[in-house]
2 protein chains.
Amino acid sequence: MRDVADRADVSKSLVSLAYRSPASVSPHRLERILAAAAELGYRPNRVARSLNGAREDFVGILVADTRNPVLTDVVESARATLADAGRLGLVTSAVLPSPSSGSALDVEVVAMLGDLQPSGLLVVGSVPDMDRVVEMTASARLVIASGRPGSRGGLATVRGDDEVGMRLVVDHLTALGHRRIGHVGGEGGPVAAGRASAFAGAMREHGLDAGAIAPSDFTERAGHRAASALLDSADPPTAIAAVNDLAAIGVLAAVAERGLSGTVAVTGYDNTYLAALGPIDLTSVDPHNDVIGRRAAELLLAPGHVPASDDGVLVAPSLAVRGSSTTVV
Amino acid sequence: MRDVADRADVSKSLVSLAYRSPASVSPHRLERILAAAAELGYRPNRVARSLNGAREDFVGILVADTRNPVLTDVVESARATLADAGRLGLVTSAVLPSPSSGSALDVEVVAMLGDLQPSGLLVVGSVPDMDRVVEMTASARLVIASGRPGSRGGLATVRGDDEVGMRLVVDHLTALGHRRIGHVGGEGGPVAAGRASAFAGAMREHGLDAGAIAPSDFTERAGHRAASALLDSADPPTAIAAVNDLAAIGVLAAVAERGLSGTVAVTGYDNTYLAALGPIDLTSVDPHNDVIGRRAAELLLAPGHVPASDDGVLVAPSLAVRGSSTTVV
DNA sequence: TTGTAAGCGTTATCAG
DNA sequence: CTGATAACGCTTACAA
């Protein structure tokens, strides 16, 4: 910085000022400063900036699971929104596989991010030990996207409206004439639990029996097993709504094994690119992850305090109808 | 740090030393220091550490595409290896979608990472503008995993051996009796080009004609179109080796549309979880991304200079045989 | 606008 | 092991 100042024949302070508030530097000196910087290949050191108390002008993005396509969709959309606003988004992976509980917060990474003093923090997905995160990044405005519903009160949250999503599914299936509809899911975390109860609620709204819920988590194998149980029961459903796309693929296999393809309708959830693949062709609820990411980034960018309503922002999903649910009963 | 020193009744210097080389601090003082730190909730500020010239004891991981499952597999494996060695791995997304060329280096992120003075840098995938990256992170030892083959000379590289991979495919298919084998791929970058020429080489080794290469990139749609061209030609192949799993899924669809399922063998590449899905059941080359990630991390961890052989480290793949290629001709 | 000086939290050096 | 001091690259406050 001193070199730039010398070359531009101004003071070190003015160089600093030139980057932080260019407007308050006279145009001709500003130009000289930027020219000198360009010649010297100078750019302000962001780390040094972070060292003094002031919050830095960037947003940290903490991802719970880098392999989950739902989360990476949200992340990329948020990042693009931040970039459009000229704000840097630093994505980091927050979770490390642990021998004991399967996965744990990567404390070191979060600590480092906290030391960087980001002005905002976007947590994408369900990160363990949120209390720790909040504590270590106290400087930042916090928004959670696609996280555990209602895990921590008082935190701003943006997520898909699973109530509406499941209602779309049940509306669609009943419109096709289905009455005996099963659900495969409910296990593996609060998201699954929420979708199961949303399913039950939607069924009741239609005056239908919501008893046929076969426990499954988010995996293909579990979906297959749960669907097998439903299909082999005394009163098998004519349609099955799965908790996500992967489980739905397991359901499709169970249906195919019984020669029921095209007879039993199947739906997934999340509308990942899996659902659109030719051999799969799965009707699925699209939570609009891009919108979730964008809204979350906008909350972080907005001036003032982040509104921390209890429910948070709910993004309305839509239904992507495909071949797996075209049978009319 | 001063507070900890006071509480533990030692000098500030010793607290610093306690964290950087615990062995050189007498056990009983060390214990007192750690106890004081725990009570005060103190941890060394990593950012302040990075500010003075010395390289920091962590590795930055730059990912070219967070949505590419091949790359995230490599990243997670590298991260786990680093964690086992007690080394922090900070994953960041290096590429931002750009209006012009589709995607561009996120210079700000790389600059920030460079300012953090990582001791090592792992670049996963093909990142644009590597010269820029090298320049901005001069402090770090650099290793590239799963990157463009031979893009930049003199850089340490770890990647899958596509020569061997394609030979495994052709060996497998010829063992099943196939003679007319087509390839779908060759477009979309140097990886595709390399696989296409590896395919041609393997065919020649078997004394077969390698002429049937239909241009396709890594997408399902392109795979479908290319396979359609092959299958509708005068002398259609009895087996098709695709450049990756997604293109292979397009190939499967083209095969199915012509009522040739079970007759025409299909193989993919990368052995992503797609290939293992029930309705897809695709034979695929497994590049062992976990090994690639681990080897890359080990290069970074090893003492001394990173060996920068021109070819770099080649990891031998294996073949995951599934239903899509069980037909015996 | 300028120049000066203090401060951010650490590490490094060095004489005691 | 201590204590003091300088340095890392920047921001900020203040007096000129």
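All chains are named by letter (A, B, ...) in the order of the sequence lines, taking the proteins before the strands, and each is independently numbered beginning at 1.
Rounding to whole angstrom units, CZ of residue B:R32 and P of D:dC1 are separated by 10 Å. Taking atom CG of residue B:L116 and atom P of nucleotide C:dG9, one finds them 17 Å apart after rounding to whole Å. In this structure, CE of B:M112 is placed 16 Å from P of D:dG9, rounded to the nearest angstrom. In this structure, B:R2 places its CZ atom 10 Å from P of D:dA4, rounding to the nearest Å. Atom CG in A:L51 sits roughly 10 Å away from atom C1' in D:dT11 (whole-Å rounding). Here the P atom of nucleotide D:dC8 and the CG atom of B:N45 are 18 Å apart, to the nearest Å. Across the protein-nucleic acid pair, B:R46 atom CZ and C:dG9 atom C1' stand 14 Å apart, rounded to whole Å. The interatomic distance linking A:D57 (CG) with D:dT11 (P) rounds to 12 Å, in whole Å.
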Would you tabulate the side-chain donor-acceptor contacts of residues 80-95 of chain A under 3.5 Å, counting partners in other chains and residues two or more places apart, or write 'none'?
residue	atom	partner	partner atom	Å
A:T81	OG1	A:S77	O	2.9
A:R87	NE	A:D57	OD1	2.8
A:S93	OG	B:R79	NH2	3.0

Report, one line per pair, each donor and acceptor closer than 3.5 Å where one atom sits in a side chain of residues 18-30 of chain B; sequence neighbours left out.
residue	atom	partner	partner atom	Å
B:S21	OG	B:S24	OG	2.6
B:S24	OG	B:S21	O	2.9

Please set out all donor-acceptor pairs under 3.5 angstrom arising from side-chain atoms of residues 35-43 of chain A, sequence neighbours excluded.
residue	atom	partner	partner atom	Å
A:E39	OE1	A:R7	NH1	2.0
A:R43	NH1	B:E108	OE2	3.4

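Listed nucleotides: D:dT12, C:dT11, D:dC10. Nearest to the side chain of A:R20: D:dT12. In the set D:dT12, C:dT10, C:dG9, the nucleotide with an atom closest to the side chain of B:M1 is C:dT10.
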So A:D115 and B:R49, salt bridge (Lys or Arg N to Asp or Glu O under 4.0 Å) or not? Walk me through it. CA-CA 10 Å; A:D115 291 346; B:R49 264 190 191 177; over 6 Å; no
Can you check side-chain contact (heavy atoms from CB on, under 4.5 Å) on B:M136 and B:L113, steps first, answer last? CA-CA 9 Å; B:M136 306 186 83; B:L113 191 61; over 6 Å; no
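Counting non-hydrogen atoms under 4.0 angstrom, A:Y42 reaches the backbone sugars and phosphates but no base.
Listed pair B:S16 / C:dT11 meets the phosphate criterion, a side-chain N or O lying under 4.0 Å from OP1 or OP2. Between B:R49 and C:dT11, a side-chain N or O to OP1/OP2 separation shorter than 4.0 Å is present.
Residues satisfying the side chain to side chain donor-acceptor pair (under 3.5 Å) test with B:T66, not counting sequence neighbours, are A:E76.
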So which protein N/O to nucleotides 1-3 of chain C N/O distances come out below 3.5 Å?
residue	atom	partner	partner atom	Å
C:dT1	OP2	A:S26	N	3.4
C:dT1	OP2	A:S26	OG	2.5
C:dT2	OP1	A:R29	NH1	3.1
C:dG3	N7	A:S13	OG	3.3

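A salt bridge (charged side-chain N to carboxylate O under 4.0 Å, His left out) check over residues 95-104 of chain A, counting only residues at least two apart or in different chains, returns nothing.
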